[in-house]
Structure formats: structure tokens, C-alpha cells
Amino acid sequence: MKWALMTIVRYGWFGLLVLIAFGYLAAGFSDRSKNTLRDPVAKTNFSAAEGEGKKNASGESGLPLGKLAEEKSPLAEAKSPSLDPASRFDAVANGDDSLRESMAAIEASLALGWDEAGVERTETADWLTICRRMSLALVGSGLSLEEIRRLESMPESQREQAHLESLLVDPRFHQYWAERWSRFYVGADDGPFLVYRRRRFRTWLTDQFTQNTRYDEIVRRLVTAEGLWTDRPEVNFLTVTFDSNDGQPDPVRLAARASRAFLGLRIDCLQCHNDFLGNVSLGSADSPREGMQTDFHQLAAFFTSAKTNGLQGVQENEANYHYQYLDADAEVEVTPSVPYQPELLPTEGSPRHRLAAWMTHPENRQAGRSTVSHVWALLFGRSATDAVDNLPLDEEAPAVIEALTDEFITHQFDLRDLIRMIVHSSAFRVSSRAEFEVTDAHEDTGAVFPLTRLRPEQMAASIIQSARIKKIDRDSSLLVQLDKFGSTNDFVRRYGDQGEDEFSNDSVTISQRLVMLNGEMLRKAIGNNPVLNATNHIARFAKTDAQAIETTYLAVLNRRPTPTESEHFVARLKESDDRHAGIEDLYWVLLNSTELAWNH
């Protein structure tokens, strides 16, 4: 008996230590720096009205949630001279006359659009709404409660800038945008077996966004890529087309992809015939002409210089392209040429290097306009024109896109500067509500923020993030990261992956509503998990029912409840026999609300 008791005690202590370690790792409570913040749940009632500059210090009321650790500033990793993101942006804005002039030009273009459309601009949205838009666009999820508390500890005038600058150096941004641009460049499919590595391509793009590589340099590396697809990931831009050309890069598919991704032109129909319907205008803006079949195949001829050379992978050779045009009697040799502004094409160099130089030439405004249009679509969830990859040469883009194109070229193709200019523009910061009737013209001109449905991966990430107090990133525990990865993939598969067509606003389907109402991920997110789930933390540490309601709204919808909402749900929570069950029900209601599913 004594031996049995000693064994139980010995292994009991061991089991207890294992449970403690598991909870420690699973919750991600390990310190990330020496500085810590108090429980965000206990500080629900902190507001900007308590005074700008007031820190989110620990209160005397409420229980601490273990001391949530303050994460290491990502700005330090970027070797910024200032650890304060808002100060960093102010330093740039105050010390760079060109940035102030850029914002002035952008605002002038927006005002011109409002005047021409005869619309009135609505009021500016609150800072929480603007920060939620940033997070959805840059990292694919809403704000965590931890991030909200951190921003509330700053003066209100600095919160939007600080959040933007933190996101721009956040690994979540680099990874999320790498996936978005990968779909644009190579699609969402797995591609040919053995010779295509989509994951490596995405990782390479992640590195480019991490290093803030100039966009024109990214384009040059993609177009001129050489080597094996395993050790030179950018080569996968070419090898994704191997399956349609007998183990060689397919010049036809590459021409179609490059024209859409880098030039914002849909010239696919020119592969088979001339443009008889007036849908494709080429030549120049001053002297447009109809698209010809020769335009497409002359562009494709550049990519015939990419040849597979055994173990050396893709190598540059001479262009060698022959094609039999419609109504022609025989094949003819096709000389590489560009569909517009041929004077910008270098006369010397290898074919693909000449093409890359032409695509990235500062005077090739169409290429710059294409990039601006795509970044705009990623930030707003919809294109500023009819389609993100269809910007006809003979039609002017909206004035704000033209102004941003000028500034993008002036700022040397810096994507982060482009994001800054768009986010700090009035178009991004206006409310989606107005006291007047909102029309398509209001949304098209940036007088009112456009309502757009969240994409499936944004829905999944927002649900998962709302269930955690702390933001989920690479510093989170391995278990939390694996759970997010698996849950996201399963949710997107069931909800419906949009593939390359990421900016369609189709109506929600019945099956999608059923996934939200009865899905496994929602049950896991709001279930009784005392270590991970926010519902448990709120039920345990919110001192009052009103505080619990407010914290739940902040975690899920990233806003505070209205007085009517607070009064209603406080009364419902008081009627509940089980406080935790009542909070779970509120979570389920908010997660299934229309408001969560839209960017507004």
C-alpha cells in the first residue's frame, strides 16, 4: 500500500507539471519581453475620454489574466530608429516634403472625383473601424483584444498610424499578402507534379515583402527567372505552365498571365483572332488602335527564350517562335515585340530581360496603374474599376488611381509607401454610413467606404482570432498555430474557396450559412475551453455583465455595443442561469451576424 501511494504521489506530481506546461504553452502566456500589460478583460471600461496619453495601467478592480505579455516590437526587427510606430510615421511625414505633396495630390484627385460625380462625402469613421479595415486588408483578420488594449494605451491621434506601421512589419502581413499575390501570379491550384513548388514560391514572395523589395525588382526577377524551381523559387512562375507545353514553359499561358498580372490588360482573346468587338485597345493612349492577333503572339515570343536544360532547370536562350495566324496558309516566324509604347523596349539584351526592362520602365504608366489597381483592391476588397486586371489603354482610370500611379512611380515602386498613401487617404477613412442616400457613385468615388463581403479566409481568421484574447502570430504556441492552420483550411474548403477570383461579391449561399450556423469551428471557438477560449476568460474575469458584453463586442466585432444593445444583452445575461453559457450564446449570435461578414 505504501509503495502504491508513493507511486501515485510521484506520478501525480509529474502529471501536474505536464498539465501546467501544456496550459502554459497552449495559451501562449510565455513572456515576450520584460514589459507586460495587465488583463485586457479587466480594463474593458478604459476609453479615450479618460485623457489622451493615459496608459492602460492595471486597475484596482478586476482579476489579472495572468499578466498578458507585451510582445516584442516588430519595429525593432526592422531596425527602426524609433520603437513607436506612430512616431516613425510622423518622422517620415514631417521630414519628407514629397510625402506631404503626394497626400495633397491624392486628396485633390478625390475631391475632383466628388465634384465631377456631384456627390457629398460622408464623415470620417472612428479609429476602431479604420483599424479593423487595416487588419482585414493586411493580415486577413480583425483586431485581437490585445491589440485594441495596446492601441487604447496611446493617444487617440496616434492609434491609426501606430497600427498601420506595426502591421507593415508584422510577419502576418508578409505571409498573408504573399498568398494573395501568389494567387494573382500563379493561381490557386497545385500545378504540375515534380516541377512546380507553389509553397516555395509563396515563401519567396513572403521574403520579398519582409525585405520590402521594390515592386519593379520583383517583376524583373519573375520575368527573367532562371535555375531550378527548388533552389530558385521565382522560377515557379514559369514552371507552373509546364503541364500544357510538354515540359517547357508555355509562352501562350505566360503571355496571358503576364499581361493581366503586370500590365492590367486582358488580351487573351487575341490568341485566336483580331479584336473585332472593340474590347481590346492597344497602341497608345494618344493613338489607340484595335488589338491584333500579332500583338498577343509577339508578346508570347519573349517567353520562348525560357528553355528547360536538364539539371540546370530553366535557362535563357534565343527566342524561337513560329505560329500560323488565322486565315494564314503556313506558320511564320514571330519576332518578339510589345503591344504598346515600343520606344521603351531596349534594343539590346536577352529577350526576357528586354521585356522585364520594358514592363518596369518608369514611363510605362500602364504597368504602374496595374499595380496600384491591385493594391487598391486588396485594401478595399473590391476593384476601383470594372476588373482589377482589365484597365483599357484608351480609357482613363479614376482620378485617384491616376494620382496614386504618379506617386507610386515617384516613390520608386515602394509598396509600403503605396499602402500608406491609400490608407491615409480620405477614401479609406470615410464611414460606410451616411445621413444621405448612398449610391454607387458615392462608393465608386470614395465619398463613402464601400461595403464588401469578407473572403472565406478572412471569415475563418476573424472567427479564430475573436476566440483568443491575444493575437495569433508566429510567437503564439505551436498548438495554437497548428489549430488555426487546420481549422482555416477546413473552413475554407467547406465555405468555398474563391480561387483566383478573389474580388467577386456573390451572394452568400445556403451552404455557407449552414457552415456558420452548425460548423465545427464555431463550436470550438466558443466552447468551454478554460485555457484557450476568450469566452471562458470573459466569464471569469469581467467584473460586471456590462463589462462582459462590451468585451465580447470588442473581441468579435471590434466595436463597443450601442446603449440599446448593451441594455438588451445585459438583461438577457442576467436572466441566464449559467453566465458562461450566456456569453457563449452572445458569441454565437455575433459571429453569425451580418456585420461580422462584411468589411465596412
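No experiment lies behind these values; they were computed from the predicted model shown. Numbering starts at 1 and runs along the sequence shown. Only heavy atoms go into these numbers, but all of them, side chains included; no hydrogens, no water, no symmetry mates.
- Counted within 6.0 Å of CG on Asn528, heavy atoms from surrounding residues, nucleotides or ligands total more than 12; the atom is thus considered enclosed.
- For Tyr587, the ring-ring contact (aromatic ring centres under 6.0 Å, His included) criterion is met by no residue, not counting sequence neighbours.
- Pairs passing the salt bridge (Lys or Arg N to Asp or Glu O under 4.0 Å) check and including a residue from residues 526-539, sequence neighbours excluded, do not occur.
- Within a 6.0 Å radius of CD in Glu565, more than 12 heavy atoms belonging to other residues, nucleotides or ligands are found.
- For Phe491, the ring-ring contact (aromatic ring centres under 6.0 Å, His included) partners at least two apart in sequence or on another chain are Tyr495.
- Scanning for side-chain hydrogen bond (donor to acceptor under 3.5 Å, both in side chains) contacts around Arg572 gives an empty result, with sequence neighbours left out.
- For Glu443, the side-chain hydrogen bond (donor to acceptor under 3.5 Å, both in side chains) criterion is met by Arg382, not counting sequence neighbours.
- Evaluation of the ring-ring contact (aromatic ring centres under 6.0 Å, His included) rule for Phe380 yields Trp376, Phe428, Phe449 as partners, not counting sequence neighbours.
- With respect to the salt-bridge test (charged N to carboxylate O, under 4.0 angstrom), the residues Glu550 and Arg559 do not qualify.
- Note that Arg180 lies outside the cation-pi zone of Phe184, set by a 6.0 Å cut-off to the ring centre and a 45° limit from the axis.
- Using a 4.0 Å cut-off between charged side-chain N and carboxylate O, Glu152 and Arg560 make a salt bridge.
- Qualifying ring-ring contact (aromatic ring centres under 6.0 Å, His included) partners for Phe436, counting only residues two or more places apart in sequence or in other chains: His442.
- In this structure, Asp170 pairs ionically with Lys471, as a charged nitrogen and a carboxylate oxygen lie closer than 4.0 Å.
- Under 4.0 Å is where a charged nitrogen must lie from a carboxylate oxygen, and between Arg420 and Glu165 at least one such pair does.
- Counting only residues at least two apart or in different chains, salt bridge (Lys or Arg N to Asp or Glu O under 4.0 Å) contacts with residues 522-531 comprise Asp483-Lys524, Glu520-Arg523.
- Judged purely by atom type and a 3.5 angstrom limit, Thr551 has no side-chain atom pairing as donor or acceptor with the backbone of Ala548.
- Not counting sequence neighbours, the partners of Asp414 by the side-chain contact (heavy atoms from CB on, under 4.5 Å) test are Asn212, Arg416, Asp417.
- Asp126 is linked by a side-chain hydrogen bond (donor to acceptor under 3.5 Å, both in side chains) to Thr129, counting only residues two or more places apart in sequence or in another chain.
- By the 4.0 Å N-to-carboxylate-O rule, Arg579 lies too far from Glu584 to be salt-bridged with it.
- For Thr594, the side-chain contact (heavy atoms from CB on, under 4.5 Å) test picks out Trp598, with sequence neighbours left out.
- In this structure, Tyr215 has its ring center under 6.0 Å from that of Trp181.
- A donor atom on one side chain and an acceptor atom on the other are not found under 3.5 Å apart for Thr564 and Thr562.
- With sequence neighbours excluded, the residues satisfying side-chain hydrogen bond (donor to acceptor under 3.5 Å, both in side chains) with Ser135 are His163.
- The environment of CZ in Arg199 is sparse: at most 12 heavy-atom neighbours from other residues, nucleotides or ligands sit within 6.0 Å.
- When the shell of 6.0 Å around CD of Gln211 is examined, it contains more than 12 heavy atoms from other residues, nucleotides or ligands.
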